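Report on one structure; see the data block that follows.
Values in this document were obtained by computation on a predicted structure and should not be read as measured data. Because only heavy atoms are used, hydrogens play no part in the values below, and waters and symmetry mates are left out as well, while side chains stay in. One-based numbering along the sequence shown.
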Amino acid sequence: MDDDEKLILMGEEDTSPFGLPKWCKEYNRALINPADIKDEIDNYMEEYDRKVEEEEKRLKELTTEPDEEGWVTITKKGRNPGFARKESVLKNIMKKNKLKQKKKQLINFYSFQIKESKMNQLIQLREKFEEDKKKIELMKQSRKFKPF
């Protein structure tokens, strides 16, 4: 390229901002007006509420009026909907029933049974204590000097 040639980046007729004014303009354009957001959210919620209400009306009409064969559809909504017929719900109910049955059973009804059970528990505790003592002794014997 020759040194005589002049390069013009912007003509006099071009008035687009550059540098800091351009960045400020872009930043201000990127900001969202909170009032516009609020209006948009309100419109969306009104539309959603209207759809939900229409769906409830449609379901109510289906449940109250019999179909062409004379059957009335029954849903889980109503005065007494009951519980969901799911596997997890049924398992929880079965667990509660088992716990109730265990509480009803009298394992140690007589006083000699209570004494025997207490003695057995003491014997088990003593055995466990002796085993733990042996484990501690083994750990002490296996301990080695490790400076680092």
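Residue I136 holds its CD1 atom at 12.0 Å from CD of E131, rounded to the nearest 0.5 Å. Within the model, atoms CG of D132 and CE of M139 stand 10.5 Å from one another, a figure rounded to the nearest 0.5 Å. Annotation: the span from R29 atom CZ to C24 atom SG amounts to 11.5 Å, rounded to 0.5 Å. Of the inter-residue distances, the one linking Q124 atom CD with N120 atom CG reads 6.5 Å to the nearest 0.5 angstrom. In this structure, Q101 CD and L99 CG are separated by 10.5 Å, a value rounded to the nearest 0.5 Å. To the nearest 0.5 Å, atom CD1 of residue I93 and atom NZ of residue K95 are 12.5 Å apart.
Ionic pairing of E54 and R50 is present here: one or more N-O contacts between side-chain nitrogen and carboxylate oxygen are shorter than 4.0 angstrom. Under the 4.0 Å criterion applied to side-chain N and carboxylate O atoms, E130 and R126 are not assigned as salt-bridge partners.
Annotation for E40: atom CD does not count as buried by contact number, only 12 or fewer foreign heavy atoms lying within 6.0 Å. Counting non-hydrogen atoms of neighbouring residues, nucleotides and ligands closer than 6.0 angstrom, the CZ atom of F112 exceeds 12 such neighbours. Atom CD1 of I37 has more than 12 neighbouring heavy atoms from other residues, nucleotides or ligands inside a 6.0 Å radius. Within a 6.0 Å sphere centred on CD of E87, other residues, nucleotides and ligands contribute 12 heavy atoms or fewer.
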Stepwise side-chain contact (heavy atoms from CB on, under 4.5 Å) test for L138 and K135: CA-CA 5 Å; L138 284 173; K135 284 182 186 177; 5.7 Å; no
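Residues M45 and D42 are not in side-chain contact: their nearest non-hydrogen atoms beyond the backbone lie 4.5 Å or more apart. A 4.5 Å side-chain heavy-atom check between E26 and W23 finds at least one atom pair inside the cut-off. Put simply, the side chain of K140 reaches to within 4.5 Å of the side chain of R143, judged on heavy atoms.
Residues M119 and I114 fall into different hydrophobic clusters, defined by Ile, Leu, Val, Met, Phe, Trp and Tyr side chains chained together at heavy-atom separations under 4.5 Å. L122 and I107 are assigned to two separate hydrophobic clusters, defined by single-linkage of ILVMFWY side chains at heavy-atom distances under 4.5 Å.
Residues passing the side-chain contact (heavy atoms from CB on, under 4.5 Å) test with Q121, sequence neighbours excluded: none.
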